[in-house]
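Remember, it's a predicted structure, so these values are computed and weren't measured experimentally.
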2 protein chains.
Amino acid sequence: MTYTPPINEQRFVLDHVVKIGELAENDAYVAASPDMVDAILEGAGAFAAGEYAPLNRIGDQVGACWDDGVVTMPAGYREAYAAFVESGWGSINGPEAFGGQGLPYALATVVMEDLGSANMGFSLVNMLTPGAIESLVAHGSEAQQALYLPKLITGEWTGTMNLTEPQAGSDVGALRTTATPVGDGTFRIKGIKIFITFGEHDLTDNIIHLVLARTPGAPAGTRGISLFLVPKFRLDADGRPDAANDVRCVSIEHKMGIHASPTCVLSFGDHDDCIGELIGGEFGGIKAMFTMMNNARLNVGLQGVQIAERATQQAVRYAMDRVQSARAGGASRDPVAIIQHPDVRRMLLRMKALTQGARALVYYAAGQLDRAHLGDDAANDRLELLTPLAKAWGTDVGCEVASLGVQVHGGMGFIEETGAAQHYRDIRIAPIYEGTNGIQAADLVGRKLGLSGGAAFARLIADMRAEAQDAGLRSLIDASEAVGTHLAAASADDRLAGSYPFLTMLSVAVAGWLMERQARIAANAEGDRDFLAMKQAAARYFIAQIVPEAEGLKASAVAGAEMFFAVEDEAFAA
Amino acid sequence: MTYTPPINEQRFVLDHVVKIGELAENDAYVAASPDMVDAILEGAGAFAAGEYAPLNRIGDQVGACWDDGVVTMPAGYREAYAAFVESGWGSINGPEAFGGQGLPYALATVVMEDLGSANMGFSLVNMLTPGAIESLVAHGSEAQQALYLPKLITGEWTGTMNLTEPQAGSDVGALRTTATPVGDGTFRIKGIKIFITFGEHDLTDNIIHLVLARTPGAPAGTRGISLFLVPKFRLDADGRPDAANDVRCVSIEHKMGIHASPTCVLSFGDHDDCIGELIGGEFGGIKAMFTMMNNARLNVGLQGVQIAERATQQAVRYAMDRVQSARAGGASRDPVAIIQHPDVRRMLLRMKALTQGARALVYYAAGQLDRAHLGDDAANDRLELLTPLAKAWGTDVGCEVASLGVQVHGGMGFIEETGAAQHYRDIRIAPIYEGTNGIQAADLVGRKLGLSGGAAFARLIADMRAEAQDAGLRSLIDASEAVGTHLAAASADDRLAGSYPFLTMLSVAVAGWLMERQARIAANAEGDRDFLAMKQAAARYFIAQIVPEAEGLKASAVAGAEMFFAVEDEAFAA
């Protein structure tokens with residue numbers, strides 16, 4: 001149940017998919033030298049494997065504990081988090097002006113992958129804070145930035161995102177939390193927020209809540225929402241945590257997985273004394289929220305990669321050790337390691353192929369984010385187009401690979417002590433939070449297909465077509481273009497009816513394109529022979545088997561909504 | 001979180017897929033009159049919903065508890081089990097000579113579906129005993145039958161199947177438990193068995209263990225295995241439980257799901273005083289085991305249907321109640337029940353279609369079993385051919401539908417109190433036990449394709465082709481035939497490499513064939529309008545969307561094993 005950082009693979013994808021060398025040619029990223037990249041990969045991998053991975057099981061078994069408003073993390077977590085802050089792994093891509101290292105986001109992605117593979121539940125605390133940082137960088141005042149950014153960038157304080165309320169889940173605009181001006185520029189916050197990840201914990205001496213709320217007389221829906229900064233402890237004149245703010249953790253949820261991540265119900269202003277400050281302008285909340293959430297969506301897609309990697313490593317080890325039955329059709333009747341049985345080997349190769357494919361897609365999107373930060377509008381378009389793919393398909397891959405991991409273990413996979421079941425339970429949240437995968441699909445067909453008048457989609461198809469060689473892959477690219485064009489012109493209902501299968505098709509096309517490229521490079525590369533051989537084998541499986549499966553979704557993608565609405569609601573209960 | 005027996009659907013499938021009326025024309029099943037069928041459907045459904053379903057959550061939360069060899073079931077379970085025995089739901093298809101009702105197995109299947117939908121973990125105790133009954137009916141002596149069958153058929157005693165040992169999982173032939181003749185016709189049993197479902201519990205005053213073991217000098221492998229009957233309490237001269245046998249429950253497993261089902265490690269003969277009797281001839285164990293396991297495989301496939309049904313009911317209720325966001329593209333900005341959103345409706349319709357498709361396949365196989373019992377060899381061939389499909393695809397459907405059920409609930413799906421997560425955890429064992437789904441696929445291509453010289457497969461294809469009308473469905477039938485023919489002639493490795501995707505293709509073809517037939521009948525039937533409309537909608541979705549997906553697996557099914565073995569084992573760890 002240990003974790004081995006896949007350094008060869010991470011480096012290869014950074015080189016040939018992210019093209020980190022190309023990025024480092026820019027002044028802004030000049031620090032991302034090959035040596036620095038190696039140092040980060042090795043350092044972060046060793047840190048995650050050494051500090052986070054050993055706590056994964058206790059995190060599941062004991063989990064975060066709530067008692068009278070106080071949340072206590074399991075034994076070892078405070079020390080591991082302190083080591084995280086100390087070693088600086090949270091500051092990779094933070095702005096240098098506030099103590100960050102100003103390195104590409106793609107490198108922060110590698111660090112986050114290692115932390116999450118090692119301990120998905122715990123790593124959520126590291127995943128949420130960057131959203132708060134981004135929001136403050138983009139929308140905060142100079143004073144807010146100076147006060148909060150340095151502590152958030154080191155990780156000395158953590159950040160939270162407070163969107164959801166009981167009646168306002170996917171529909172954020174339905175939220176009711178209020179923010180009333182005090183008169184001194186601050187606001188009194190009052191309301192209940194649910195599903196707040198690491199909304200309360202004992203790892204740091206302050207927590208910075210970013211809270212969506214409505215000011216008096218604000219318009220209904222998302223247009224009337226503003227974003228507020230609400231610290232757990234208000235700061236004194238020297239910027240140190242001082243008096244407790246009126247925020248209380250009412251309870252934490254009993255979840256199927258990620259037990260190390262306290263999912264909190266937070267009550268703001270029970271005693272009408274919860275003070276917050278506006279971030280950005282009034283009614284700028286929804287824009288600021290998208291700033292917070294966009295990276296979060298890539299990071300959730302990355303969680304699919306994290307668990308897929310961890311589950312694959314564990315299944316491969318088990319299959320190499322577990323001896324059972326002779327090879328069918330073989331001359332010998334001696335039992336063999338189960339990795340030798342064709343159907344087990346099929347599952348393992350599928351796990352490798354899906355994991356590598358999802359990593360390529362998520363890292364590629366991260367590389368586009370870095371280019372967008374440099375002012376490349378086409379890269380920004382591509383990032384926006386790929387974000388729903390990375391989030392939804394990446395997490396679907398995580399779930400499928402974790403399930404295959406359970407299956408490879410046979411009966412032992414269902415026994416909790418083995419660890420395979422934890423991965424299966426942990427990752428199941430990922431297709432749900434940060435916008436369900438259905439919402440990602442709606443975003444793809446509703447907003448992203450039409451981005452830049454459709455040019456963003458057309459350019460992606462053209463880039464894939466210019467490089468892809470395999471006939472099946474080219475066929476899937478053609479099919480994706482045809483379906484995308486069809487859906488862009490379809491009614492809202494028909495577009496949504498085909499959105500999910502279309503998202504899967506396009507994701508597999510993009511991942512297949514990037515996998516084929518890597519296989520081509522690996523065939524002529526020098527280095528770790530086993531790694532290069534597996535890269536080619538995984539790409540071959542991906543293109544020969546996963547790509548045709550995805551093309552099998554075409555009928556669903558264009559079938560339209562009429563079929564769904566041909567029966568009344570009540571018939572579903574018949 | 002209640003359960004509503006799907007009586008309309010069960011009756012429709014019995015009528016048009018099982019053709020229960022045709023069965024009842026035989027003297028053996030004359031008791032299965034329409035009135036009797038209705039009485040069973042209504043009675044069993046009401047019993048399951050009233051007695052088993054309310055205990056599902058406590059079964060998950062508290063579960064079976066082990067203390068010093070004794071297993072205690074959660075509160076309410078003893079009473080519910082006593083009610084089960086009292087009401088006679090265990091005796092539906094037991095032989096009349098021993099107190100059974102001699103009704104078709106297809107009707108017992110409906111009863112088992114209800115019990116498992118209501119409480120999957122608990123219902124395992126009802127699922128295992130029939131295997132013991134079948135073994136005794138087929139292989140037991142008259143004395144054994146007279147002593148044990150009446151009590152097993154009522155359910156006053158329960159049965160277990162003891163195959164697995166730590167080194168002998170899928171490879172049963174590797175087992176080491178010994179049976180040494182005492183000299184009086186009985187044997188001393190010694191060994192450790194693992195993963196024994198309901199191997200110990202407090203529901204009944206005896207448990208009848210069926211144990212595979214080796215006699216002295218027995219040949220290696222499966223040829224040297226014999227089956228023994230080992231009661232928890234030996235019987236006195238009047239056939240009543242008397243002195244405790246030397247069997248001890250050493251521990252129970254901590255599992256991801258089905259917590260109400262104690263999964264036991266049983267130690268036989270710690271004090272060299274565990275007495276068993278041979279069932280059937282020496283070395284007849286493997287044959288008797290297949291008698292036990294064959295029905296068990298159908299019943300595990302049925303578990304997929306059980307959880308799919310329960311998860312679908314729960315998701316439909318949630319989606320009809322949960323109001324969130326306006327319809328995209330609609331005129332009104334008022335939020336609607338989420339069942340109105342096209343992608344949610346897609347998920348619900350997919351759940352309905354998959355559940356009905358799997359039920360059709362499993363019930364159809366059960367109907368073949370009843371015909372086989374009447375001496376119909378072609379039906380027996382078909383049952384054997386369909387058993388791996390029912391087990392593997394049925395359980396894959398269960399997992400997929402339970403996952404969709406979680407997804408429909410959004411964030412609430414990940415919260416344990418909602419109940420959707422329990423279904424997702426419970427059903428994950430089903431693709432593993434009673435022969436992993438990979439082993440089912442191997443059985444399909446290794447033994448079943450060649451059954452009766454290939455005629456069993458050819459006849460199934462011919463029957464489907466004679467009735468199927470939709471072009472896509474006919475195309476999948478053609479593809480299934482082509483792949484099956486290809487695999488039958490392929491090397492062992494290539495055959496196994498394509499076995500799993502082929503199993504899925506053929507399963508979807510069979511289910512699609514049976515769904516299309518039902519839709520045709522529903523279009524002209526009178527009765528519950530909502531039910532008949534949904535039957536047609538579900539069939540339409542199945543054929544328009546699930547069938548083409550399955551055809552997308554063709555490339556994988558014929559790709560062969562070379563791709564899997566092109567890399568060394570070690571490369572998987574690279």
Contact class of Gln407(B) relative to chain A, heavy atoms under 4.5 angstrom = both
Give the member of Tyr500(A), Tyr541(A), Phe564(A), Phe531(A) that has the highest number of heavy-atom pairs under 4.5 Å with chain B.
-> Phe564(A)
Donor-acceptor under 3.5 Å (Gln324(B) side chain, Gln167(A) main chain) = yes
Are the side chains of Phe195(A) and Ile415(B) in touch, meaning some heavy atoms are under 4.5 Å apart?
-> yes
Heavy-atom distance under 4.5 Å to chain A: side chain of Asp494(B), backbone, both or neither?
-> neither
Toward chain B, the part of Asn8(A) with a non-hydrogen atom under 4.5 Å | neither
If one checks every heavy atom of Lys352(B) against chain A at 4.5 Å, the contacting part turns out to be side chain
Proximal component of Val567(B), with respect to chain A [non-hydrogen, under 4.5 Å] = both
Could you check which of Arg333(B), Met347(B), Glu562(B), His409(B) has the highest count of heavy-atom pairs closer than 4.5 Å to chain A?
-> Glu562(B)
With no hydrogens and no angle check, do the side chains of Gln340(A) and Asp569(B) hold a donor and an acceptor under 3.5 Å apart?
-> yes
Which one of Leu348(B), Val547(B), Asn437(B) has the most heavy-atom pairs closer than 4.5 Å to chain A?
-> Leu348(B)
Determine yes or no for a side-chain-to-main-chain donor-acceptor pair under 3.5 angstrom, with Glu549(A) supplying the side chain and Gly552(B) the backbone.
-> no
Once you round to the nearest 0.5 Å, how far does CE of Met534(B) lie from CD of Glu570(A)?
-> 10.5 Å
Under 4.5 Å, counting heavy-atom pairs only, tell me which of Ala566(B), Gly438(B), Gly169(B) racks up the most with chain A.
-> Gly169(B)
Arg425(A) side chain reached by Met256(B) side chain, heavy atoms, under 4.5 Å = yes
Most contact-rich option vs chain B, by heavy-atom pairs under 4.5 angstrom, among Ile429(A), Ile339(A), Leu349(A), Asp343(A), is Ile429(A)
Based on non-hydrogen pairs under 4.5 Å, which of Thr436(A), Thr263(A), Leu553(A), Val316(A) is most in contact with chain B?
-> Val316(A)
Between Leu496(B), Ile432(B), Val344(B), which residue shows the highest count of heavy-atom pairs closer than 4.5 Å to chain A?
-> Ile432(B)
Give the member of Ala497(B), Gly411(B), Ser491(B) that has the highest number of heavy-atom pairs under 4.5 Å with chain A.
-> Gly411(B)
Is the NZ atom of Lys554(A) crowded by more than 12 outside heavy atoms at less than 6.0 Å?
-> no
Flag the one option from Ser556(A), Pro548(A), Pro335(A), Ala574(A) with the top tally of heavy-atom pairs under 4.5 Å to chain B.
-> Ser556(A)
Option in Gly173(B), Ser325(B), Ala492(B) with maximal non-hydrogen atom pairs under 4.5 Å from chain A = Ser325(B)
Part of Ala174(B) lying under 4.5 Å from any heavy atom of chain A | neither
Which one of Glu9(A), His254(A), Met351(A) has the most heavy-atom pairs closer than 4.5 Å to chain B?
-> His254(A)
When the 4.5 angstrom heavy-atom criterion is applied to Arg327(B) and chain A, the contacting part is side chain
Is any side-chain heavy atom of Ser403(A) closer than 4.5 Å to a side-chain heavy atom of Arg428(B)?
-> yes
Pro166(B) and Arg322(A): which non-hydrogen atoms are nearest, and at how many Å?
-> O-NH1, 3.1 Å
Ring centres under 6.0 angstrom apart (Phe414(B), Tyr433(A)) | no
Who among Glu253(A), Glu568(A), Met563(A) has the most heavy-atom pairs with chain B under 4.5 Å?
-> Met563(A)
